[in-house]
Amino acid sequence: EVQLVESGGGSVQAGGSLNLSCAASGFPYSEYCVAWFRQAPGKEREAVALINSGRSTTYYTDSVKGRFTISQDSAKETVYLRMNMLQPEDTAIYYCAARVSYCATIYKPPATIFSSWGQGTQVAVSS
C-alpha cells in the first residue's frame with residue numbers, strides 16, 4: 001500500500017514562496033507518477049503538477065507555469081513542489097497523489113486515476 005505524507009504548507013504574502021514535500025512509501029514498482037492537486041473552497045480539485053519517476057517528465061497546469069517547479073529525490077521517494085510568486089488565487093489545500101504507473105503529461109490528469117492520496121496541507125496567500 002502506497003502511503004503519502006505532505007508537509008510544508010503555511011501562510012505567506014503575495015509574491016512569496018513555499019516548498020511542499022510529499023514523502024512516499026510502499027511503491028511496488030519503480031515506475032510511478034506523483035501529482036500535486038489543490039482544492040480551494042467551493043471549487044473542484046485540480047491537478048497542479050505531476051512528475052513521472054525515473055523519466056522525470058512533468059506536467060504543469062497553465063496557471064502555475066513559470067512559477068511552480070516539481071522535482072523528485074528518487075532515493076528518498078520524496079516529491080517536492082517549489083512555489084514562487086504566490087498569488088491569493090493559489091490559496092487552497094494542496095494534496096499529494098500517486099499512481100503505480102506513468103501518467104500522460106500532455107493534458108491535465110483527472111483525480112480519478114490516482115489511487116493513493118495524502119492528507120493535504122493548507123497554503124494561504126494574502127494580498
Side-chain angles (χ1 to χ4, degrees):
E1 179 183 358
V2 176
Q3 295 188 326
L4 306 171
V5 178
E6 303 104 332
S7 60
S11 299
V12 296
Q13 292 189 326
S17 299
L18 283 173
N19 290 308
L20 303 183
S21 297
C22 173
S25 62
F27 285 116
Y29 312 111
S30 61
E31 297 180 355
Y32 55 86
C33 167
V34 175
W36 284 98
F37 281 75
R38 66 185 178 187
Q39 188 165 20
K43 295 189 177 181
E44 291 188 357
R45 191 171 297 191
E46 68 162 345
V48 173
L50 71 82
I51 189 165
N52 286 311
S53 67
R55 297 176 179 177
S56 292
T57 48
T58 58
Y59 163 88
Y60 296 94
T61 194
D62 286 346
S63 62
V64 308
K65 285 180 180 177
R67 300 189 298 124
F68 290 12
T69 303
I70 191 169
S71 62
Q72 63 181 341
D73 182 332
S74 298
K76 297 181 180 179
E77 290 188 320
T78 301
V79 172
Y80 306 96
L81 187 68
R82 171 69 176 180
M83 304 185 294
N84 293 327
M85 295 183 287
L86 283 162
Q87 300 301 317
E89 51 267 33
D90 295 316
T91 295
I93 298 176
Y94 283 70
Y95 297 91
C96 177
R99 70 182 303 218
V100 291
S101 61
Y102 285 147
C103 295
T105 57
I106 59 174
Y107 57 82
K108 182 180 291 188
T112 52
I113 69 169
F114 294 90
S115 55
S116 301
W117 291 84
Q119 80 286 356
T121 185
Q122 177 72 54
V123 171
V125 185
S126 58
S127 58

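- Of all heavy-atom pairs spanning P88 and S127, the tightest one is CG-CB, 3.9 Å.
- Put simply, the side chain of Q3 does not reach to within 4.5 Å of the side chain of W117, judged on heavy atoms.
- Taking OH from Y60 and CG from D62, the interatomic distance works out to 13.0 Å, rounded to the nearest 0.5 Å.
- Ring centroids of F114 and F37 are separated by less than 6.0 Å, placing the two rings close together.
- Note: E46 CD to K108 NZ = 4.0 Å, rounded to the nearest 0.5 Å.
- For the 3.5 Å distance criterion, the side chains of Q72 and S56 qualify, holding a donor opposite an acceptor.
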For residues 10-20, which side-chain donor-acceptor pairs fall under 3.5 Å, sequence neighbours excluded?
residue: S17; atom: OG; partner: N84; partner atom: OD1; Å: 2.9
residue: N19; atom: OD1; partner: R82; partner atom: NH1; Å: 3.1

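- Between the side chain of T57 and the backbone N or O of R55 there is no donor-acceptor pair closer than 3.5 Å.
- With hydrogens and angles ignored, the 3.5 Å screen pairs a side-chain donor or acceptor of N52 with a backbone N or O of C103.
- Between the side chain of E6 and the backbone N or O of G120, at least one donor-acceptor pair lies under 3.5 Å.
- A23 approaches T78 most closely through the heavy-atom pair CA-OG1, 4.0 Å.
- Residue E77 comes nearest to S25 through the heavy atom pair OE1-CA, 3.7 Å, listed as atom of the first residue, atom of the second, then distance.
- Judged purely by atom type and a 3.5 angstrom limit, Q87 uses its side chain to pair as donor or acceptor with the backbone of M85.
- Looking at T91, its side chain never comes within 3.5 Å of a backbone N or O of A124 through a donor-acceptor pair.
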What do the steps show when you test V79 against C96 for side-chain contact (heavy atoms from CB on, under 4.5 Å), and what is the final call? CA-CA 9 Å; V79 172; C96 177; 5.6 Å; no

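- To the nearest 0.5 angstrom, E89 atom CD is 8.0 Å from R38 atom CZ.
- Both the sub-6.0 Å distance and the 45° axial angle are satisfied by R45 relative to the ring of Y95.
- Side-chain atoms of L50 and T58, non-hydrogen and from C-beta on, never get closer than 4.5 Å to each other.
- Contact check for Y107 versus T105: no side-chain heavy atoms found under the 4.5 Å cut-off.
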Between Y80 and I70, does a side-chain contact (heavy atoms from CB on, under 4.5 Å) hold up when you go through it step by step? CA-CA 6 Å; Y80 306 96; I70 191 169; over 6 Å; no

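- Distance check, rounded to the nearest 0.5 Å: CG of L81 to SG of C22 gives 10.5 Å.
- Between M83 and V123, some side-chain heavy-atom pair lies under the 4.5 Å cut-off.
- Within 6.0 Å of the CD atom in Q119, the count of heavy atoms belonging to other residues, nucleotides or ligands exceeds 12.
- A donor-acceptor pair under 3.5 Å links the side-chain atoms of S53 to the main chain of Y32, judged by distance alone.
- The aromatic rings of Y94 and F68 are tilted relative to each other, their planes meeting at an angle between 30° and 60°.
- What you find for V2 and G26 is that their closest heavy atoms are CG2-O, 3.7 Å.
- Two residues are said to be in side-chain contact when any heavy atoms from C-beta on lie closer than 4.5 Å; P28 and V100 meet this criterion.
- Here the closest heavy-atom approach between residue S116 and residue L4 is recorded as O-CD1, 3.5 Å.
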